[in-house]
Amino acid sequence: MLKRSKYCGQISEEDLGKELVLCGWVHRVRNHGGVVFIDLRDREGIVQVVAEEKTYPQAYEVADSLKSEYVIAVRGTVRRRPPGTENPKLKTGNYEVLAQEIQILNTSDPLPFPVDEETHISEELKLRYRYLDLRRESMKENLLFRHRAYQVIRRVFLKHGFVEIETPFLTKSTPEGARDFLVPSRLHPGKFYALPQSPQLFKQILMVAGFDRYFQIVRCLRDEDLRADRQPEFTQIDFEMSFVEEEDVMNFSEELICTLFSELLGIELKRPFERISYTSAMERYGTDKPDRRFGLELIDLTDIFKNTEFKVFADAIKSGGVIKAINFKASNLSRKEIDELTQFVQSLGAKGLAWIKVEEGKLNSPIVKFFNQQEIEELLKRTHAQAGDTIFFSADQKETVYKILGNLRLHIAKKYKLIDESKFDVLWIVDFPLMEWDEEENRFVALHHPFTSPKEEDIPLLKQALETPHIEEKKELISKVRARAYDMVINGYEVGGGSIRIHKREVQDLVFKLLGISQVEAEEKFGFLLNALRYGAPPHGGLAFGLDRLIAIMRGLDSIRDVIAFPKTQKGVCPLTGAPDYVSPKQLKEVHIKEMG
RNA sequence: GGAGCCGUAGUUCAGCCCGGUCAGAACGCCGGCCUGUCAAGCCGGAGGUCGCGGGUUCAAAUCCCGUCGGCUCCGCCA
């Protein structure tokens with residue numbers, strides 16, 4: 001067998017006149033009768049191989065029989081292409097390899113879809129034949145980019161003295177958070193391991209162990225429904241530091257992100273990253289992960305309508321809600337377009353969508369007739385309304401208004417292409433509430449996770465909240481308690497989040513109590529962490545980045561499937577392997593599982 | 001659990017709204033020609049359970065119901 005001496009994509013000036021051996025896949029064949037052109041492709045790119053009948057008849061004969069995606073080895077000489085026949089689309093387009101010998105290493109059946117960038121293939125087919133999909137230039141580049149990111153990440157961590165340590169995949173199911181994937185234990189009938197949602201507890205324990213700075217690029221697993229940016233298994237860049245405060249973790253995180261952007265994209269992000277509070281993000285964008293590359297900010301109008309005759313608005317205010325609006329400037333929307341947007345918000349659970357089209361000298365709207373002159377004037381002023389604008393309203397409980405307008409804002413931006421895709425909007429969200437009331441569970445739940453430290457100055461509020469028997473007062477007090485947490489957001493995606501952790505047993509007990517986790521339950525589920533906190537736990541904090549999201553954003557991709565070699569479909573299926581699948585009764589018996597009728 | 005979009009040759013799609021030469025195109029595939037192409041070109045050919053099941057109708061790719069699958073979103077995701 002001929003042994004490769006160079007990658008196709010790396011043929012350059014220095015190879016002129018040299019004889020070398022290339023190995024790769026037949027990307028395309030162009031047979032002109034007497035001369036055959038082969039675009040030969042490998043990991044590094046494509047080069048044109050020429051087989052001429054008159055110079056090397058044997059090589060020509062083989063070339064003549066080649067089909068798409070045959071695997072071949074070519075021995076030949078690099079030469080400059082004849083003037084006028086260069087191909088500027090190829091990196092190697094000034095050269096070609098005159099084949100002296102061609103060996104067919106393997107043939108290929110006709111492909112189920114072409115290995116090119118032009119054809120849009122359905123996700124199911126792409127994943128079933130992932131090995132063909134990954135031969136495509138863009139997919140190959142996505143994975144090579146990800147590979148380069150790993151190298152940069154490791155270098156930055158090493159530079160700062162972080163220690164890479166692996167944590168268990170077979171671990172203990174813990175309450176709170178996402179649904180666990182469970183693994184039945186063969187040796188312990190009826191017992192289960194859980195696959196980790198993240199190495200959270202282990203990294204904290206490593207801090208107690210004194211490793212001081214830990215990192216890991218690690219798979220995390222959550223049994224929840226999928227989205228374009230959510231897979232059941234995904235990768236975190238996880239790290240934790242001892243003897244630090246928020247600034248230290250955020251500072252390091254910024255360096256890591258800046259280095260990635262600089263080295264992989266040649267983009268210098270401005271430091272420090274801007275910070276906005278959770279409350280301000282919610283009020284202005286209706287979400288805690290705002291995309292600020294376009295306007296359409298939420299405008300509060302509650303005070304303007306506090307005495308309004310308009311029943312919908314009045315009712316919302318009366319029941320403690322708010323009135324907010326967004327102004328789609330210069331949109332000149334048709335009635336049909338407004339109807340489409342109405343349908344969109346209805347799919348989010350809104351009853352309808354109130355709107356005003358601002359026209360030259362008049363307002364076109366089904367609701368202005370309910371407003372008095374003063375309300376109209378103030379609302380137009382507050383929203384900076386001009387002819388051509390369309391103003392959309394939402395009046396409801398705060399959470400609902402945020403959800404409706406936050407999503408409408410994004411929907412409009414995408415639909416009407418208001419987003420400058422060449423920009424990266426990077427920011428921190430800080431001052432998260434520590435907990436929020438969960439109506440369904442009828443208790444407080446941690447916004448981040450139960451090990452997140454409250455701000456020192458807010459701890460008295462927690463104690464007060466614990467003592468008061470009045471639930472409304474409790475809610476009021478708790479809502480004021482802020483967490484020492486921080487999320488990094490890029491282009492409207494949460495790419496990372498972390499916090500300073502609780503390292504004092506008493507504080508952890510206090511938080512568990514307020515979360516309604518009993519002493520017994522806490523001991524049973526998190527006892528190992530609580531115990532660790534007794535034995536000299538240093539103050540510590542950390543953060544975890546979603547590597548898949550980060551890479552997808554950097555590559556300008558909409559779905560993290562495109563940066564994962566073998567992802568799952570929206571139903572959690574792997575079309576390549578057929579997982580998940582049934583297992584034999586014998587296997588089930590071994591792990592003590594009986595099928596339900 | 002819910003909403004929306006999609007499903008027609010190997011592939012990408014048109015046809016569906018208005019039921020009746022609507023089984024079509026391009027690429028790919030097969031055969032032939034061709035010495036400078038590069039998404040080569042020219043000539044010829046094969047190829048479809050219109051996702052699946054049911055219903056309406058004289059007649060269904062087309063209308064209706066159900067179901068499966070893919071995608072996007074809501075819920076869910078500390």
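Naming convention: chains lettered A, B, ... in sequence-line order (proteins, then strands); numbering from 1 in each chain.
- Nearest to the side-chain atoms of A:Ser559 among the listed nucleotides B:rU72, B:rC71, B:rC74 stands B:rU72.
- Contact check on A:Arg443 versus A:Glu441 returns a salt bridge, with a Lys/Arg side-chain nitrogen under 4.0 Å from an Asp/Glu carboxylate oxygen.
- Between the side chain of A:Arg179 and the base of B:rG75, no donor-acceptor pair of N or O atoms lies under 3.5 Å.
- Looking only at distances, no side-chain donor or acceptor of A:Tyr402 sits under 3.5 Å from a matching main-chain atom of A:Tyr285.
- B:rC58 is paired with B:rG20 under the criterion used here, namely a Watson-Crick or G-U wobble arrangement in which both key atom distances are under 3.5 Å.
- Using a cut-off of 4.0 Å between Lys/Arg side-chain N and Asp/Glu carboxylate O, A:Arg28 and A:Asp39 are scored as not salt-bridged.
- Taking only side-chain atoms of A:Pro112, from C-beta outward, the nucleotide of B:rG36, B:rG10, B:rG70 with the closest atom is B:rG10.
- When distances are taken from the side chain of A:Ala228 to each of B:rC30, B:rA39, B:rU72, the shortest belongs to B:rU72.
- In this structure, the nucleotide among B:rG36, B:rC34, B:rG69 sitting nearest to the side chain of A:Lys571 is B:rG69.
- In summary, A:Glu52 and A:Arg79 engage in a salt bridge, as defined by a charged side-chain N under 4.0 Å from a carboxylate O.
- Note on A:Arg484 versus A:Glu246: salt bridge recorded, some NZ/NE/NH1/NH2 to OD/OE distance being below 4.0 Å.
- Distances from the side chain of A:Arg227 to the nucleotides B:rG75, B:rG31, B:rC34 place B:rG75 closest.
- Residue A:Arg30 has no polar side-chain atom (N or O) positioned under 4.0 Å from OP1 or OP2 of B:rU37.
- Candidate nucleotides B:rC29, B:rC71, B:rC76 were compared by shortest atom distance to the side chain of A:Asp225, and B:rC76 ranks first.
- In this structure, B:rG47 forms no base pair with any nucleotide, since neither Watson-Crick nor G-U wobble geometry is met with both distances under 3.5 Å.
- By the stacking rule of 5.5 Å between ring centres and under 30° between planes, A:His32 does not stack on the base of B:rG36.
- Among the atoms of the strands shown, only primed sugar atoms or phosphate atoms (P, OP1, OP2) are found under 4.0 Å from some heavy atom of A:Arg561.
- Stacking between A:Phe113 and B:rU11 is absent: the aromatic ring centre is not both under 5.5 angstrom from the base six-membered ring centre and within 30 degrees in plane angle.
- Taking 3.5 Å as the limit, the base of B:rC77 and the side chain of A:Arg230 contain a donor-acceptor pair of atoms between them.
- One P atom belongs to B:rU67, the other to B:rG24, and the distance between them is 34 Å to the nearest Å.
- In the set B:rC74, B:rA3, B:rC38, the nucleotide with an atom closest to the side chain of A:Gln48 is B:rC38.
- Side chain of A:His120, nearest nucleotide from B:rU35, B:rC13, B:rG31: B:rC13.
- Between A:Phe451 and A:His449, the angle of the ring planes lies from 30° to 60°, which puts this pair in the tilted group.
- In the set B:rU72, B:rA39, B:rG1, the nucleotide with an atom closest to the side chain of A:Gln570 is B:rU72.
- Taking atom C1' on both nucleotides, B:rG15 is separated from B:rU21 by 14 Å, rounded to a whole Å.
- Side-chain to base pairing of A:Glu86 with B:rG36: no donor and acceptor N or O lie closer than 3.5 Å to each other.
- Checked against B:rU12, B:rC77, B:rU37, the side chain of A:Phe37 finds its nearest nucleotide in B:rU37.
- Between the base of B:rU12 and the side chain of A:Glu118 there is no donor-acceptor pair shorter than 3.5 Å.
- The base of B:rU37 sits with one of its N or O atoms less than 3.5 Å from a complementary donor or acceptor on the side chain of A:Arg81.
- Proximity of A:Thr569 to the phosphate of B:rG70: a side-chain N or O atom is located under 4.0 Å from OP1 or OP2.
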